[in-house]
Amino acid sequence: MNAWQFSPRRVGLIARVTFLEARRQRLLPLLMLGAAGLELGAQMLEEFNFGLSELKFIADLGQGVAAFFGSILAIVASAQLFFREIDERSALTLLAKPVRRSEYLAGKFFGIMAVISLFCVLMTALIIVMLWSRETALMHGRPELWERGRHLNYAAILAVGFAHWLGLAVLVAFTLLIASFAQSSLFTVGVSLGVLVICQLQFLAQEAYAKAGTLGGRWVAGFIALLFPNFQVFNLGDVTGVEGEIGVMLLARVTGYALFYVGVAGMLAVFCFKRREI
Amino acid sequence: MSAEPAVVIQELTKDFELGLRGTRLRAVDHLSLRIAAGQIFGLLGPNGSGKSTTVKLVLDLLSATSGECRVFGVPSGCMESRRSTAYLPESPCFHRYLTGRELVGLHGGLCGLRGAPLKARVDEMLSWAGLAEAASRRVGTYSKGMLQRIGLAQALVHDPRLVILDEPTAGMDPAGVADITALILRLKAEGRTVIIVSHLLEQVEEVCDRVAILDHGRLVREGTPAELAGSASRQALVVDPLNPEQLTELSAWLEARGRSLLSVGPFRSGMDRSFLLTPPAGHAAKYKP
């Protein structure tokens, strides 16, 4: 076997350096602080005692905040960590070594995903702790409503967090695709935010075109649906609520959907980056 | 010395596209070079003459518009050619939060070293570069001279046969220049081929075996530094001051032997040289005449 084929070890080394760089930029703690502050703000609702609907509100707010700050982190960290090495020319010394450009990009992706994973784990843990403590307090206050035990499905909340993480992986892959041919991090951030908005809202366009009923409209809707992933797919919280269950098949479908788009965006990014002049 | 040339460049051309109107800038223009193994080769020329672009083409960091480049017989587009190549870019900026040891270890790992051999090689390279004591310090705290030396250590960690140094002494003080010059000469003594890219002709003159001068991407001249300076058949004598009668006498003595006195003037000692001969108190002289 050729010793210079695609090497997971080289990918791991680049991912580690990317993660260290992200840690040094202190972007993660800053966003964590903001997100945690907003989530903890939901605790102020304690005084109102809305019962189950209060728990749903806390869960929705927490997941919304995690998705919002997670998206910012995914786009900004991807653009920053990609362009920093290019601008400072440390990428030159790495790519002058026997390192494939596909390994370099994969290393960047996994390094950024390590940061995103840390963010998602901490945010999901915070949401679960908040919901658990609030549900416990409500159980003591109105025990008649909790005669059959806890209402919240914490496994489903974990699954919702996992689906958010998958959505952020797709966003990181698309941001790296844009960065692979863009000339500045500002351009990358701007275009990636545009892509995020399209991905979040594309289902509205699909519905509108489907209602229009014209062949051309359906073609356009189909093309948009194929080109841009539908980020509502990763929003499992809306599907299940706080009490519902998330089936393994649904989770597998969402995982496959994310892997498809990460793979396609990754291959296109490698194609563009191979032609990029460093 | 190996018979196989270290680098063969044939009719290499590189055009950069500017804007959307199809305007092109030719950075390297049908360049052909042959660099023998074991040499220190200087690639000289003014800013914008295509030196760095040529080096990036050799390293496959850029793709050529046309022409071919081989490193030890292997096309430069192949990964295997980078196995035998080391590169230190101009004013390198490394990952500042890594220690010197971690940085060299990272680059060694990327080259396939691991475990005890990697650790031993990292220690060896840090000692070679004179950075053993600073190995546990973050690279962000290094001086310019130390950055160049850690750059050399990371470049050489995989024991390459070809070392490419882009402006290796840019922005350094004379003591730092002397350090890097000594390391370059050690590389040659170890049997490696060294390509030095510079626009400072005097600086490379004392270390290079051969020199190529580029301008507008084309090869203008190639030869030994003495050939290019036109001094291969001339000598300079440094003597105590002579009065006019003594100069006339010396001229007549030379003419009687078929030689000519071509130039007489005050002796100019380079500022760098006098700095190194008279170092600040507490610092040993680095330059031995």
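Sequence lines set the chain letters: A, B, ... in the order given, protein chains first and strands last, and positions in each chain run from 1. Since the structure is predicted, the reported quantities are computational estimates derived from the model, not experimental observations.
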Trace of the side chain to side chain contact (heavy atoms under 4.5 Å, CB included) decision for A:Ile14 with B:Leu110: CA-CA 8 Å; A:Ile14 293 168; B:Leu110 290 175; 4.1 Å; yes

Within-4.5 Å side-chain heavy-atom neighbours: [X] and [Y]:
{"X": "B:Leu106", "Y": "A:Leu94", "result": "yes"}
{"X": "B:Met79", "Y": "A:Lys97", "result": "no"}
{"X": "B:Cys93", "Y": "A:Arg89", "result": "no"}
{"X": "B:Ser63", "Y": "A:Glu277", "result": "yes"}

Check: A:Val99 main-chain N/O paired with B:Arg82 side-chain donor or acceptor under 3.5 Å: yes

B:Leu98 versus chain A, the contacting section by heavy-atom distance below 4.5 Å: side chain

Structural part of B:Ser81 lying under 4.5 Å from a heavy atom of chain A: neither

Enclosure of A:Leu186 CG (heavy-atom neighbours >12, cutoff 6.0 Å): no

Whether over 12 other heavy atoms sit under 6.0 Å from A:Arg16 CZ: no

Separation of B:Cys111 SG from A:Arg10 CZ (nearest 0.5 Å): 8.5 Å

Side-chain donor-acceptor contact under 3.5 Å, B:His95 with A:Glu85: yes

Pairs of heavy atoms under 4.5 Å with chain B: top-ranked of A:Arg9, A:Arg84, A:Arg23: A:Arg9

Which of B:Tyr97, B:Phe16, B:Tyr87 touches chain A most, by non-hydrogen pairs under 4.5 Å: B:Tyr97

Among the listed options B:His158, B:Arg114, B:Glu102, B:Glu90, the residue most often paired with chain A at heavy-atom distances under 4.5 Å: B:Arg114

Minimum heavy-atom distance B:Asp60-A:Arg101, with the two atoms named: O-NH2, 3.9 Å

Minimum-distance pair of heavy atoms, taken over all atoms of A:Leu92 and B:Pro89: CD1-CB, 4.1 Å

Proximal component of A:Arg276, with respect to chain B [non-hydrogen, under 4.5 Å]: backbone

SB check A:Glu21 B:Arg96 (cutoff 4.0 Å): no

